[in-house]
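Residue indices begin at 1 and follow the sequence shown. Just so you know, ligand 1 is whichever comes first in the structure, and atom 1 is the first atom listed for that ligand.
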Amino acid sequence: MNDVIPTLSAAQLDAADPLAAFRQEFHIPPGPDGQPCAYLCGNSLGLQPKAARAAVEQEFDAWERLGVEGHFHGTSPWMHYHETLAAGSAALVGARPIEVVVMNNLTVNLHLLLVSFYRPTATRYKILMEGGAFPSDQYAIESQARLHGLDPAEVIVELVPRPGEHTLRTEDIEATIKELGDSLATVLIGGVNYYTGQAFDMVAITRAGHAVGALVGFDLAHAAGNLEMHLHDWDVDFACWCSYKYLNSGPGGASGVFVHERFAHRPDLVRLAGWWGHDPSDRFQMKKGFRPMAGAAGWQLSNAQIFPMAIHRASLDLVERAGGMAALRRKSEQLTAYLEARIHELGLPTSQLEIITPTDPAQRGCQLSILVHQRGRELFDYLASQGIIADWREPNVIRLAPVPLYNSFEDVRRVTEAIREFTATSAH
Ligand SMILES: *Cc1c(COP(=O)(O)O)cnc(C)c1O
């Protein structure tokens, strides 16, 4: 594909795209000229699937017609609603259905999982994370350390790139894990770093963590719906993700959780409990004594959030209809390679503009992060004036995330043309 890219036009690539029709399944917001914008911001909030409204309306109808009986009757009884998301979520991250559950929001789930999978002792108490991780993850981990009466500064070890580099090297992550050895309790790293777009080698990190006796989990906020994953086979201990970025399930959408099958029948694991995680056979006898359900479902606290889950179900259906993550990833690699090739074609010096996301497709998802050394904010505003929705991160990074379900090669052509126009005028 990388060889053909320079010789084919965006229109030709779109005509040959087997997923092109899925763009019609989404509402594309209009740009300033009233025409559909080039939306390259699916890493922040994915667009609305047209099926989402009907999915929610179905539950409004059930509530209207059935009231409390909607828990047991209706098209999709609410009592079992979360179960209807298990197969799609499992396929999404390469898990077994017992290993996944949809519940709460992402940061809440990070805490619930850390309560179980960060159990510091006098000698094994360190947590390894990426430096410059998403702030919510930093705050979650700091406060987990304090929850155990520990000083975050003594507990948290941050991975940082080598001087002059923007991303982490797998061998450096492995070396740090080895060095920490039996002081390392838990590794918690993003599957894809939100800022640089770097995808981490989850297989190597999991193996290295297990070799020193640590537990290994991933925050998959920027990986779910973006990368093809095999969490079960990779032997990952735990993970969670949000559904409103690459999974198009709406602002504040429900979060997904993975707990490896080896913990499925471990009622002894310390956790924060709630009635929805209790064995359903006697949940409604309202008795004392928590007995968790097997698998990830045993971490549920509250009854299911039907409305966000209805949207999420419609979104997971779209992923499945598109052929699953393998099909999405095939197009995604082409779109991102096309974006990268067209940016390089602009011939701009790295003193002006530089892609900090790794060039190796195995080390990135769809997002390219562009470090703009001159007039970055102006460029970002110019893109917006041209109907291109990108994403700005302080101090000077523009993130562009062409996603396979609704972005076209034409969207990518538009953004690179706009960068060309802007940099041509700023040259004099
Ligand atoms: C988007 C994102 C979050 C957001 O957390 P919420 O609880 O959904 O608000 C947290 N962590 C990472 C790494 C993210 O990318």
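Residue contacts with ligand 1 for Asp219 involve side-chain atoms from C-beta outward but no N, CA, C or O (heavy atoms, distance under 4.0 Å).
Listed by number with element, the atoms of ligand 1 under 4.0 Å from a non-hydrogen atom of Thr107 are 5 (O), 6 (P), 7 (O). Atoms of ligand 1 found under 4.0 Å from any heavy atom of His222, numbered from 1 in the order shown, are 15 (O). Annotation for ligand 1: atoms under 4.0 Å from non-hydrogen atoms of Tyr244 are 1 (C), 4 (C), 5 (O), 6 (P), 8 (O), 9 (O).
Looking at Thr84 and Arg313, their side chains do bring a donor and an acceptor atom within 3.5 Å of each other.
A centroid separation of less than 6.0 Å is found between the aromatic rings of Phe263 and Phe117. Taking the six-membered ring for Trp and the full ring otherwise, the centers of Tyr118 and His148 sit less than 6.0 Å from each other.
When only non-hydrogen protein atoms are considered, atom 3 (C) of ligand 1 lies nearest to Phe134 CE2, 3.3 Å. At the top of the distance list for atom 2 (C) of ligand 1, counting protein heavy atoms only, stands Lys245 NZ, 2.4 Å.
Taking the six-membered ring where tryptophan is involved, the planes of Phe290 and His278 are tilted, since the angle between them lies from 30° to 60°.
Here the side chain of Ser255 pairs a donor or acceptor atom with the backbone of Trp241 at under 3.5 angstrom.
Among the atoms of Asp137, some N or O lies under 3.5 angstrom from an N or O of ligand 1.
Under 4.0 Å is where a charged nitrogen must lie from a carboxylate oxygen, and between Glu340 and Arg364 at least one such pair does.
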